[in-house]
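The chain is numbered in sequence order, starting from 1. Ligands are counted one by one from 1 in listed order, and the atoms in each one are counted from 1 as well.
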Amino acid sequence: MQTILALDQGTTSSRAILFDRAGQVVSVAQQEFRQIFPKPGWVEHDANDIWRSQYAVARKALKQAGLQAADVDAIGITNQRETTLLWDRKTGEPLANAIVWQDRRTAGRCDALRELGHAATIQNKTGLVLDAYFSGTKLQWLLDHVPGARARARKGELAFGTVDSWLIWKLTGGQRHVTDASNASRTLLFNIHSLQWDEQLLELFDIPPSVLPLVVPSCGELGHADAALFGSPLRIAGVAGDQQAATFGQACYVPGMAKNTYGTGCFMLMNTGQAAVTSRHKLLSTIAWVGPGVSIQPAMACYALEGSVFVAGAAIQWLRDGLGIIKSAEDVQALAEQVDDTQDVYLVPAFAGLGAPDWDAYARGVLVGITRGTTSAHIARAALEAIALQTAGIFAAMANDSGIALSELRVDGGASRNDLLMQLQADFLGVPVLRPRITETSALGAAYLAGLATGFWTDVDEVASQWAMDRRFEPVLGANARTEKLARWGQAVQRAKGWVNH
Ligand code: ADP
């Protein structure tokens, strides 16, 4: 038994990574799959594409490494969160395409529930902001719009799941209909305090309980992949949503430790330990993971505060594709380094509204402070600063909500490779930024959850000791300059708010 097989089912591609006992990557395989946009604001995936691509890369990763099922100790799963699937329990066939987390079709339903005064109850029970991103209204939509679905659901013929549930159903040949607590905590249906599906919320969203999966720990053996798939049965022992798994992979095991992932958007999660902190700044309170164990125990739950920024690396893509001032994302650093500062130019990339902590769907991007002296270099630098400044806003909200002063930030994701961005980040936070050698943190976290459940790794101390630094960025900007910068950014953000009509 030499490896753990991590299945990383993302929004645009499925990946499989084999990790050895030292937490090193042995083999990686990746396959993109089809994105379906039936109408503006709608995003769907074919559930069978998700499964087929995930299974194909799992086999490919093994083949590339010359390994067999016997060389794999266990499977760990991490996945795009909130995406909603509904399938037939008898045939295993999906009733419709999966509704992807980005899909906005249920925004009106959320507005209506907000007007009826349900937002506070929902936040208290689920830790979430009432928004179309989460699964609850998506599942309700499927039950209301797929012909016959609600009647069949009432008869117990249908199964609902997020992507983790679907993969486990397929891996176990329909033997297990389960979800882990971190994924359940993104559905708007799960009470994160009692760790149970919430009857009142099920009524509110009109969801028959018979469609729900059993909630299991994130770290614990929950079933076996069918022998027909890999040649012999493989146990599945770890599951978590992608951002929670990344937090685990970054070894943020102590309350107050946080990680930020710089991809298309940014997701910062801070471990808040056994306390589900209620945010006063519109951050999400969510389950980080539960376990180890084979059944759900509230005492084994670890919570996190989460802040999401919609546009981060995507602002760099805009410099490349929209403005054409760089050829590739990496070029942004050299361009921005042509100048020492932005000369008071700010870019607020509210291209799709603003996420946490503002949650203003009606904000749009602004570029302010332009003079005759402004060049593409200033704009490039302003774009990088914007990523770091948005993150600084979330970081401050987290400290406020939790009462924990963060002493450092662990980073990962594609844009974390940018050294200038990481230095700006340390400067705007006033704490060191730590970049690890392995930035495949979601897959690594899923592998750790599985390997800790089976004894492949002994304890979190062992896996935490595998975290190796690539580079540490120390803040050099003075406190006064930092305060001034954040205040100026706040003024720029005000100019972006409420730009389009409701
Ligand atoms: P995702 O998982 O969301 O697709 P990735 O983690 O793969 O994102 O990161 C890709 C994003 O990071 C893109 O938006 C890209 O513009 C940005 N990016 C990649 N390299 C750099 C870089 N050197 N500097 C700044 N941004 C970068």
Side-chain angles (χ1 to χ4, degrees), residues 6 8-15 17 25 28 30-33 35 43 45 53 57 78-83 100-102 133 163 241-247 249-250 259-269 306-338 347 349 351-352 355 365 376-377 379-391 410-426 428 433 435-446 470-471 473:
D8 181 357
Q9 207 302 305
T11 307
T12 56
S13 72
S14 297
R15 294 143 60 75
I17 306 186
V25 175
V28 187
Q30 178 166 0
Q31 191 176 308
E32 289 191 9
F33 62 93
Q35 308 290 309
V43 188
H45 291 156
S53 58
V57 292
T78 182
N79 55 286
Q80 54 165 318
R81 305 177 300 174
E82 298 107 11
T83 296
V100 177
W101 58 273
Q102 297 150 320
Y133 282 119
V163 168
D242 52 11
Q243 297 303 325
Q244 285 95 330
T247 310
Q250 282 271 28
K259 70 89 200 174
N260 195 32
T261 300
Y262 300 78
T264 307
C266 272
F267 292 91
M268 192 191 297
L269 269 77
E306 173 174 328
S308 9
V309 167
F310 296 148
V311 174
I316 308 306
Q317 289 173 330
W318 176 70
L319 298 183
R320 186 192 61 193
D321 307 333
L323 293 188
I325 61 173
I326 48 173
K327 282 213 177 69
S328 75
E330 292 73 54
D331 297 344
V332 69
Q333 182 168 343
L335 181 57
E337 278 173 345
Q338 288 177 10
L347 170 66
F351 303 156
S376 57
I379 296 173
R381 199 172 178 100
L384 287 176
E385 286 197 358
I387 299 174
L389 287 163
Q390 290 185 98
T391 295
R410 295 186 169 198
V411 298
D412 53 56
S416 74
R417 286 192 299 264
N418 187 311
D419 289 347
L420 174 60
L421 172 61
M422 294 300 103
Q423 184 56 50
L424 290 167
Q425 190 66 82
F428 297 157
V433 163
R435 185 171 64 196
R437 281 201 208 130
I438 294 202
T439 49
E440 299 291 353
T441 52
S442 291
L444 183 61
D470 168 50
R471 190 164 160 189
F473 298 84

Review point. What atoms of ligand 1 come within less than 4.0 Å of a heavy atom belonging to Gln317?
Key: 13 (C), 14 (O), 16 (O)
Revision key, fill the gap. The closest protein heavy-atom partner of atom 6 (O) of ligand 1 is Gly414 N, 2.8 Å
**Study point:** Closest heavy-atom pair and its distance - Val411, Pro436
**Key:** O-CD, 2.9 Å
Practice item. Carefully, step by step, assess Leu389 and Leu424 under the rule side chain to side chain contact (heavy atoms under 4.5 Å, CB included). Key: CA-CA 9 Å; Leu389 287 163; Leu424 290 167; over 6 Å; no
Review point. Which residue holds the protein heavy atom closest to atom 12 (O) of ligand 1, what is that atom called, and what is the gap in Å?
Key: Ala415 N, 3.5 Å
Check your understanding: Under a 4.0 Å heavy-atom limit, does Ala312 contact ligand 1 with its side chain, its backbone, both, or neither?
Key -> neither
**Study point:** Those atoms of ligand 1 less than 4.0 Å from some heavy atom in Gly413
**Key:** 6 (O)
Review point. Counting each atom of ligand 1 from 1 as listed, which ones have a heavy atom of Val332 under 4.0 Å away?
Key: 24 (N), 25 (C)
Review point. Considering only heavy atoms, does Leu421 approach ligand 1 within less than 4.0 Å through its side chain, its backbone, both, or neither?
Key: neither
Study note, to complete from the structure: Looking only at non-hydrogen atoms, the one of Gln333, Glu330, Arg320 nearest atom 20 (N) of ligand 1 is Glu330
Check your understanding: Are the side chains of Phe473 and Gln425 in touch, meaning some heavy atoms are under 4.5 Å apart?
Key -> no
Check your understanding: Which of these passes side chain to side chain donor-acceptor pair (under 3.5 Å) with Arg15: Glu32, Gln9, Glu440, Gln31?
Key -> Glu440
Review point. Between Arg410 and Gln250, is there a donor-acceptor pair closer than 3.5 Å when you use the side chain of the first and the backbone of the second?
Key: yes
Check your understanding: Any N/O of Gly313 closer than 3.5 Å to an N/O of ligand 1?
Key -> yes
Revision key, fill the gap. Minimal heavy-atom distance between Gly265 and Ala312, with the atoms involved, is C-CB, 3.7 Å
Exercise for review: Name the closest protein heavy atom to atom 8 (O) of ligand 1, giving the residue it belongs to and the distance to 0.1 Å.
Suggested key: Gly263 CA, 3.4 Å
Revision key, fill the gap. Atom 4 (O) of ligand 1: closest protein heavy atom, distance to 0.1 Å, is Thr264 OG1, 3.6 Å
Check your understanding: Considering distance alone, does some N or O of Leu384 sit under 3.5 Å from an N or O of ligand 1?
Key -> no
Exercise for review: Would you mind running through ligand 1 and noting each atom that sits below 4.0 Å from a heavy atom of Ala329?
Suggested key: 16 (O), 18 (N), 19 (C), 20 (N), 21 (C), 22 (C), 24 (N), 27 (C)
Practice item. Answer yes or no: is there an ion pair linking Arg320 with Asp331, defined by an N-O contact shorter than 4.0 Å? Key: no
Check your understanding: Checking Lys259 side chain against Gln244 main chain: does a donor-acceptor pair fall under 3.5 Å?
Key -> no
Review point. Atom 23 (N) of ligand 1: protein heavy atom closer than 4.0 Å?
Key: yes
Exercise for review: Report yes or no: does Gln80 contribute a side-chain atom to a donor-acceptor pair with the main-chain N or O of Thr12 at less than 3.5 Å?
Suggested key: no
Review point. Judged by modelled atom types alone, do Thr261 and Asp412 share a side-chain donor-acceptor pair under 3.5 Å?
Key: yes
Exercise for review: Considering only non-hydrogen protein atoms, determine which one is nearest to atom 25 (C) of ligand 1 and report residue, atom name and distance to 0.1 Å.
Suggested key: Asn418 ND2, 3.6 Å
Point to revise | Atoms in ligand 1 flagged as close to Ala314, the criterion being non-hydrogen separation under 4.0 Å | key: 14 (O)
